[in-house]
Amino acid sequence: MLSSSTTESGALPSFAQLPLYQQVAERLREQIFSRVLEPGSWIDEQKLAAEYGISRTPLREALKVLAVEGLVTMKVRRGAYVAEMSRTDVADVYHLLGLLESDAAGEAARRATEAELDELVALQEELERAADDRTRFFTLNEAFHMRLLAVAGNRWRQQLVTDLRKVMKLNRHHSLFKQGRLAESLQEHAALVQALRRRDADEAARLMKQHFGNGLEAASG
């Protein structure tokens with residue numbers, strides 16, 4: 001059962017103190033993002049409840065949470081399905097991320113402390129070292145973007161981006177899978193970091209918007 005899960009050291013995982021339905025929601029997210037539950041697939045509630053060792057009540061509450069996040073689609077008399085992203089969905093999400101994160105990049109250039117800029121530079125350097133490890137690269141890439149958002153401030157913008165990035169993980173054809181796109185993304189990050197270092201807010205915003213534009217082009221190709 002989820003509530004009795006432990007780490008190798010015997011300590012409960014960080015989410016273990018959450019209500020059961022939130023633990024279930026987190027596990028479902030992991031299975032959706034890892035493609036254990038494929039986009040468009042029907043979610044077998046009875047099977048999952050048995051697998052998790054829980055009743056269907058917390059499972060259904062968890063599915064409602066994921067439906068609000070856009071990761072699950074609830075269909076009347078048919079149950080829950082893992083959401084799918086159309087080309088229009090992908091374009092719309094990239095568009096919004098470009099607007100929100102370019103605004104954040106400009107703000108970060110204006111207000112970041114030297115220590116915060118050093119942290120972003122360090123993350124960028126880690127990204128470059130992780131170019132041959134796709135899983136680590138994706139994790140660090142998201143960490144860079146979310147750290148920049150934190151530096152820029154505005155918790156509402158952070159929340160919107162967090163939700164949009166969850167939905168983006170449904171995209172089967174991630175832009176970084178395209179041949180050569182990962183290297184291009186690294187170059188774009190490097191240019192962005194330089195603009196941040198120069199405190200050039202307009203250029204930082206422009207580069208971030210271009211970064212998402214290029215990502216969308218690769219994802220749509």
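Here the shortest heavy-atom pairing between A204 and A109 reads CB-CB, 4.3 Å. In this structure, R199 and A108 approach most closely via the heavy-atom pair NH1-O, 4.3 Å. Nearest approach of A104 to A152, heavy atoms of both residues: O-CB, 3.3 Å. In plain terms, the two heavy atoms of V151 and A112 that are nearest each other are CG1-CB, 3.5 Å.
In terms of the side chain to side chain donor-acceptor pair (under 3.5 Å) criterion, residue partners of D163 (sequence neighbours excluded) are, by chain and number, Q159. Residues satisfying the side-chain contact (heavy atoms from CB on, under 4.5 Å) criterion with L96, sequence neighbours excluded, are L164. In this structure, D133 has no salt bridge (Lys or Arg N to Asp or Glu O under 4.0 Å) partners at least two apart in sequence or on a different chain. Every residue meeting the salt bridge (Lys or Arg N to Asp or Glu O under 4.0 Å) condition with R206, not counting sequence neighbours, appears here in chain and number order: E203. Remark: R157 pairs with D103 by the salt bridge (Lys or Arg N to Asp or Glu O under 4.0 Å) rule, at least two apart or across chains. By the side chain to side chain donor-acceptor pair (under 3.5 Å) test, R111 is found to be paired with no residue, residues two or more places apart in sequence or in another chain being considered. Residues satisfying the side chain to side chain donor-acceptor pair (under 3.5 Å) test with Q187, not counting sequence neighbours, are none. F212 pairs by the ring-ring contact (aromatic ring centres under 6.0 Å, His included) definition with H145, not counting sequence neighbours. Applying the side chain to side chain donor-acceptor pair (under 3.5 Å) test to E128 and every residue at least two apart in sequence or in another chain returns Q124. Listed by chain and number, the residues in a salt bridge (Lys or Arg N to Asp or Glu O under 4.0 Å) with R197 are E114, D118 (sequence neighbours excluded).
Under the 4.5 Å side-chain contact rule for hydrophobic residues, L37 and Y21 do not share a cluster. V90 and F33 end up in the same hydrophobic cluster when Ile, Leu, Val, Met, Phe, Trp and Tyr side chains are linked at under 4.5 Å. Linking Ile, Leu, Val, Met, Phe, Trp and Tyr residues whenever their side-chain heavy atoms come within less than 4.5 Å places L117 and V193 in a single cluster. Linking ILVMFWY residues whenever their side-chain heavy atoms come closer than 4.5 Å, directly or via other members, leaves M85 and V36 in distinct clusters. Put simply, M208 and L186 are part of the same group of oily side chains (I, L, V, M, F, W, Y) that touch within less than 4.5 Å, one to the next.
Looking only at side-chain heavy atoms (C-beta outward), D44 and L48 stay at 4.5 Å or farther from each other. The shortest side-chain heavy-atom distance between F144 and T139 does not fall under the 4.5 Å cut-off. Counting heavy atoms from C-beta on, the side chains of V93 and R165 never come closer than 4.5 Å. Inter-residue side-chain proximity for H211 and L192 is flagged as unmet; no heavy-atom pair is nearer than 4.5 Å. By the 4.5 Å heavy-atom criterion applied to side chains, K209 and E101 are not counted as neighbours. For the pair N154 and Q158, the minimum side-chain heavy-atom distance is 4.5 Å or more. When side chains are defined from C-beta on, L148 counts as touching L196, because their heavy atoms get closer than 4.5 Å. Residues H95 and L216 fail the side-chain proximity criterion, which asks for heavy atoms closer than 4.5 Å.
To the nearest 0.5 angstrom, E184 atom CD is 7.0 Å from N214 atom CG. In this structure, CG on D200 lies 6.5 Å from CG on D202, to the nearest 0.5 angstrom. One distance of note links OG1 of T73 with NZ of K75; it measures 6.5 Å at 0.5 Å rounding. Here the CG atom belonging to L99 is positioned 14.5 Å from the OH atom belonging to Y94, to the nearest 0.5 angstrom.
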Practice task
Dump the intermediate steps for side-chain contact (heavy atoms from CB on, under 4.5 Å) on L170 and E84, then the final yes or no.
Solution key: CA-CA 7 Å; L170 292 170; E84 294 183 278; over 6 Å; no
Exercise for the section: Tell me, with the steps shown, if N141 and H189 meet side-chain contact (heavy atoms from CB on, under 4.5 Å). Expected result: CA-CA 9 Å; N141 182 65; H189 273 250; 3.1 Å; yes
Handout entry: Criterion side-chain contact (heavy atoms from CB on, under 4.5 Å) on E142 and K169, from CA distance to verdict
Key = CA-CA 11 Å; E142 185 167 48; K169 291 178 184 178; 3.4 Å; yes
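No donor-acceptor pair closer than 3.5 Å links the side chain of S185 to the backbone N or O of L182. Proximity of a side-chain donor or acceptor of R147 to a complementary backbone N or O of E116 within less than 3.5 Å is not detected.
Hydrophobic cluster of Y81: the remaining members, joined at side-chain heavy-atom separations below 4.5 Å, are W42, listed by chain and number.
A salt bridge between E107 and R110 is present, with a side-chain N of the basic residue lying under 4.0 Å from a carboxylate O of the acidic one.
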Return all side-chain donor-acceptor pairs below 3.5 angstrom for residues 59-72, not counting sequence neighbours, or 'none' if the list is empty.
unit_1, atom_1, unit_2, atom_2, d
R60, NE, E45, OE1, 2.9
E61, OE2, K64, NZ, 3.3
E69, OE1, R29, NE, 2.9
E69, OE2, R29, NE, 3.4
E69, OE2, R29, NH2, 2.7
E69, OE2, K166, NZ, 3.2

